[in-house]
Amino acid sequence: MEEGSESKLWNMVRKIFGSRCDAPLEEIILEAREEGELKNEEVLMLLNILRLHEKQAIEIMVPRTDLVCAEVINDTMRDVAMMIIESGHSRIPVYRENKDHMVGIIHAKDLLPFMLKDKDASISEIMRKPYFMPATKNVRQILFDFQNQKVHLGIVLDEYGGTSGIVTLEDVIEEIVGEIEDEYDVPRPQEIQVLQDGSFYISGRTHLDDLKNELGIEIVSDQVETVGGYVCHLAGRVPAKGEEFSDENFRYTVEEANTKNIQWLTLRYLLR
Ligand code: ADP
C-alpha cells in the first residue's frame, strides 16, 4: 500500500460509517475528492462501479455483425484455429445454421490438444455450453453472473430470442477502468474525436448516452440507440458517404458508410 494511503482509507471508512452514514455514497466520494483524499482516477473508478447497474448488456456488447464465430457442421477444427489466429480472439461462439442459434463456445485452450492429436474430430466435441443473457440485463448483474457461473463470455439475446451480440468480462471491466487493449487487440480509433474547428468526428456505433455523458450533447430518440442509427432514421435509409442531414440542433455529414450502416460521421452545431 502507498505511504499514507492506509490513513486515507481509514478516513474514508470513518466517513462512510461515521457521521455521514445517511449521505449517498456518490456524495461522499465526490466530497473526498474535493478534500484531496481521492485522486481523480480513483473517483472515476468508484463512480463507474456505483453506476454499473445503470448500464445494460446491449450498451456494451460487441454486435452480432462483428462476431467471429463458427458453424457447427461445416467448420472444422482447422477452420476454428484459423479464426483464432486471424482474429486474435481466444473464444469462438458456435452456431447451428445461422447466428440466431448459438449452440456453444470454443476456447483456444480446449482446441490445442485436439489440433495435435485429432484434427478431424467435430468441433461439437470441444464446445462448452453457451451462457445467454437478455439485452436488458444490467452490467452489475452480468459481473456477478460471470463470477458465479465461472464464464467470461455471454451471448446477448434480443427479445425474440435472436442473437444481438456478445459481452465478455473485458467489456465489463472496461466500464470501470476504461479501454483495455491486450497483446492481440487491433488498436481502435477513439469513438469520439474533437476536431480543431469545434466539430466532432464520431463512430456511427457511438451510443447516444455516451454522447451525452462525454460531450453533453443530447440527441433524444426512442427508436434508436446509436448516432449512426439516428442519422439512418433521419434519412429514412442508410445514406452514402458525403450525404448531409440536419435536425433542430446539429448537421451530420456521413464520412464513411457501407450498404448496411454508417461507420463514421461528423457532427456540427447548427449556427443560429
Ligand atoms: P479475447 O482476448 O479472446 O479477444 P476478451 O474477453 O479479452 O477476449 O475480449 C476482448 C474484446 O473482444 C471484447 O470487446 C470482446 O467482446 C471481443 N471479443 C471476444 N471474442 C470475440 C469474438 N469471438 N468475436 C468478436 N469479438 C470478440
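Both ligands and their constituent atoms are indexed starting at 1 by order of listing.
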Exercise for review: Check whether the side chains of Glu255 and Thr266 place a donor and an acceptor atom closer than 3.5 Å, and report yes or no.
Suggested key: yes

**Study point:** Check against side chain to side chain contact (heavy atoms under 4.5 Å, CB included), Asn40 and Arg33
**Key:** CA-CA 7 Å; Asn40 278 344; Arg33 176 177 59 184; 3.0 Å; yes

Exercise for review: Check whether the side chains of Ser246 and Arg251 place a donor and an acceptor atom closer than 3.5 Å, and report yes or no.
Suggested key: yes

Review point. Is Lys117 close enough and on-axis enough to Phe114, meaning under 6.0 Å and within 45°, for cation-pi?
Key: yes

Review point. Can an N or O of Val68 be found at a distance shorter than 3.5 Å from an N or O of ligand 1?
Key: yes

Practice item. Measure Asp66 to ligand 1 on non-hydrogen atoms and call it side chain, backbone, both or neither using the 4.0 Å cut-off. Key: backbone

Exercise for review: Under 4.0 Å from a heavy atom of Pro93: give me the atoms of ligand 1 that qualify, with their elements.
Suggested key: 23 (N)

Point to revise | Whether Ile166 lies under 4.0 Å from ligand 1, heavy atom | key: yes

Check your understanding: At a 4.0 Å threshold, what atoms of ligand 1 neighbour a non-hydrogen atom of Asp171?
Key -> 13 (C), 14 (O), 15 (C), 16 (O)

Point to revise | Donor-acceptor pair between Asp100 and Tyr160 side chains, under 3.5 angstrom | key: no

Review point. What's the shortest heavy-atom distance between Pro93 and Val68, and which atoms?
Key: CD-O, 3.4 Å

Review point. Which atoms of ligand 1 are found less than 4.0 Å from any heavy atom of Leu67?
Key: 24 (N), 25 (C)

Exercise for review: Answer side chain, backbone, both or neither: which part of Met61 comes under 4.0 Å from ligand 1, heavy atoms only.
Suggested key: neither

